[in-house]
K.L.:
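Sharing a structure, written as C-alpha cells. Questions coming.
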Amino acid sequence: MLVFLNEELATELIDFTKGPNGPEKLYLELKQLPERHLLTPMAEHYRKNGISIIIGQIGNNRHFERVEAILNDVDGIKLTIDSSPLDDRIPSQAKKRYSILGWHHN
C-alpha cells in the first residue's frame, strides 16, 4: 500500500501541520498514483486539513489519460525539464534540470 493511503500517517501529518512547530504549508508529492477510487477520498482528507497534493515524475513514464483523470484530486503537477535534447521551444538555459510546479485550479 502506498504510504499516502495510510490513515495513521495521514493523522500524524495533519497533527504535525496544525501543531505549534508545523510548517505554514505542507506538500505531499506522489511518485506513484493509487487507483482513483482510493486517491479521491484520501486527497480530500489531506486537502481539507491544509495539506496539498502534488503529482511527481510526470513525463515519459506517465500516460496522459491517467493523469488527466485525477487532475481534480490534486493541487499541482511537478514537471522536470531534463538536459537531454528537447523541443526547440524550450530556451537553452532551461535545458539544464529544473522542476516546475504547475498549478491546477478547480
Side-chain angles (χ1 to χ4, degrees):
M1 172 171 60
L2 295 172
V3 174
F4 171 80
L5 299 174
N6 184 310
E7 291 186 29
E8 288 179 34
L9 177 61
T11 300
E12 288 182 32
L13 285 172
I14 291 165
D15 290 347
F16 169 69
T17 302
K18 292 182 176 184
N21 297 319
E24 286 185 33
K25 189 69 180 162
L26 182 64
Y27 299 88
L28 294 181
E29 178 182 340
L30 301 182
K31 294 187 178 193
Q32 293 179 300
L33 295 178
E35 294 297 322
R36 187 163 187 208
H37 72 280
L38 299 172
L39 172 68
T40 300
M42 283 305 289
E44 184 178 315
H45 179 63
Y46 280 110
R47 290 164 85 189
K48 78 177 180 184
N49 285 287
I51 298 175
S52 295
I53 309 301
I54 305 297
I55 305 172
Q57 297 183 351
I58 296 299
N60 295 338
N61 61 340
R62 296 284 171 104
H63 296 286
F64 175 75
E65 294 81 14
R66 184 157 188 219
V67 171
E68 182 184 33
I70 59 144
L71 285 178
N72 289 328
D73 296 319
V74 299
D75 301 297
I77 299 173
K78 181 179 176 183
L79 303 172
T80 299
I81 299 174
D82 205 340
S83 61
S84 60
L86 296 171
D87 188 320
D88 291 335
R89 294 173 289 175
I90 298 173
S92 61
Q93 66 269 26
K95 289 185 181 181
K96 295 177 184 173
R97 185 171 178 88
Y98 295 99
S99 292
I100 302 168
L101 289 179
W103 295 101
H104 171 76
H105 297 284
N106 293 331

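Small disclaimer: the values here were computed from a predicted structure and weren't measured.
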K.L.:
Applying side chain to side chain donor-acceptor pair (under 3.5 Å), can you list everything that pairs with Lys48, at least two apart in sequence or on another chain?
P.N.:
none
K.L.:
Using every non-hydrogen atom in the two residues, find where Glu29 and Gly56 come nearest and quote the distance to one decimal.
P.N.:
OE2-CA, 3.5 Å
K.L.:
Run the side chain to side chain contact (heavy atoms under 4.5 Å, CB included) test against Leu26 and tell me which residues pass, sequence neighbours left out.
P.N.:
Leu13, Thr17, Pro23, Ile51
K.L.:
Please report the closest heavy-atom contact between Leu38 and Pro41, naming both atoms and the distance.
P.N.:
O-CD, 3.5 Å
K.L.:
Please report the closest heavy-atom contact between Lys25 and Gly50, naming both atoms and the distance.
P.N.:
NZ-O, 3.4 Å
K.L.:
Just jot down the side chain to side chain contact (heavy atoms under 4.5 Å, CB included) partners of Thr11, sequence neighbours excluded, or say none.
P.N.:
Asp15
K.L.:
Distance check, rounded to the nearest 0.5 Å: Ile54 atom CD1 versus Lys31 atom NZ?
P.N.:
13.0 Å
K.L.:
Quick one: OG1 on Thr40 to CG on Asn72, what's the gap to the nearest 0.5 Å?
P.N.:
9.0 Å
K.L.:
Kindly say whether Ile53 contributes a backbone atom to a donor-acceptor pair with the side chain of Asp75 at under 3.5 angstrom?
P.N.:
yes
K.L.:
With rounding to the nearest 0.5 Å, note down the distance linking CG in Asp73 to CE in Met42.
P.N.:
12.5 Å
K.L.:
Locate the shortest heavy-atom distance separating Tyr46 from Leu28; write the atom from each residue and the value.
P.N.:
CE2-CD1, 3.4 Å
K.L.:
Could you state the interatomic distance from CZ (Phe4) to CG (Leu9), rounded to the nearest 0.5 Å?
P.N.:
10.5 Å
